[in-house]
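Before any comments, here is the structure.
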Amino acid sequence: MRYVLKNQEMQTVDHETIHGIGIPGLVLMERASKAVADKAAQIADHSQRILIISGIGNNGGDGRSVVEVTCLYENFVGAGLFSGLYDRW
């Protein structure tokens, strides 16, 4: 995995985009989710399934949004949400 921005840097970019430019956070999340879902569908052909796993907090929200978009594709299989000591399926 290659990090483009560190966590604090990404938070700063998000804050500037939301408050400085005026793009709502929900719109940013939806656009990012669509990009992730499109890339996953591009990598996986229709015979392969896509599994989405995310953490809690903002990652959980992002993961849920990716799941919603990926449900539109035929090769979606499921999602998991991990929370430290236990996981929820």
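What's counted below: heavy atoms across the whole structure, side chains too, no hydrogens, waters or symmetry copies.
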First locate atom CD1 of Ile52, then atom CG of Asp62, and finally report the distance between them rounded to the nearest 0.5 Å.
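That separation rounds to 11.5 Å.
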Please collect all salt bridge (Lys or Arg N to Asp or Glu O under 4.0 Å) contacts where either partner lies in residues 50-60, sequence neighbours excluded, each pair once.
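Checked against salt bridge (Lys or Arg N to Asp or Glu O under 4.0 Å) - neighbours excluded - no pair reaches residues 50-60.
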Without placing hydrogens or testing angles, list every side-chain donor-acceptor pair under 3.5 Å for residues 21-40, not counting sequence neighbours.
from	atom 1	to	atom 2	distance (Å)
Ser33	OG	Met29	O	2.8
Ser33	OG	Ser65	OG	2.8
Lys34	NZ	Asp38	OD1	3.2
Lys34	NZ	Asp38	OD2	2.8
Asp38	OD1	Tyr73	OH	2.2

If you look only at pairs with a residue in residues 9-28, which of them pass as a side-chain hydrogen bond (donor to acceptor under 3.5 Å, both in side chains), with sequence neighbours excluded?
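Listed by first then second residue: nothing to list.
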Going by the rule side-chain hydrogen bond (donor to acceptor under 3.5 Å, both in side chains), which residues pair with Glu68 if we only count those two or more places apart in sequence or in a different chain?
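Expected list: Arg64.
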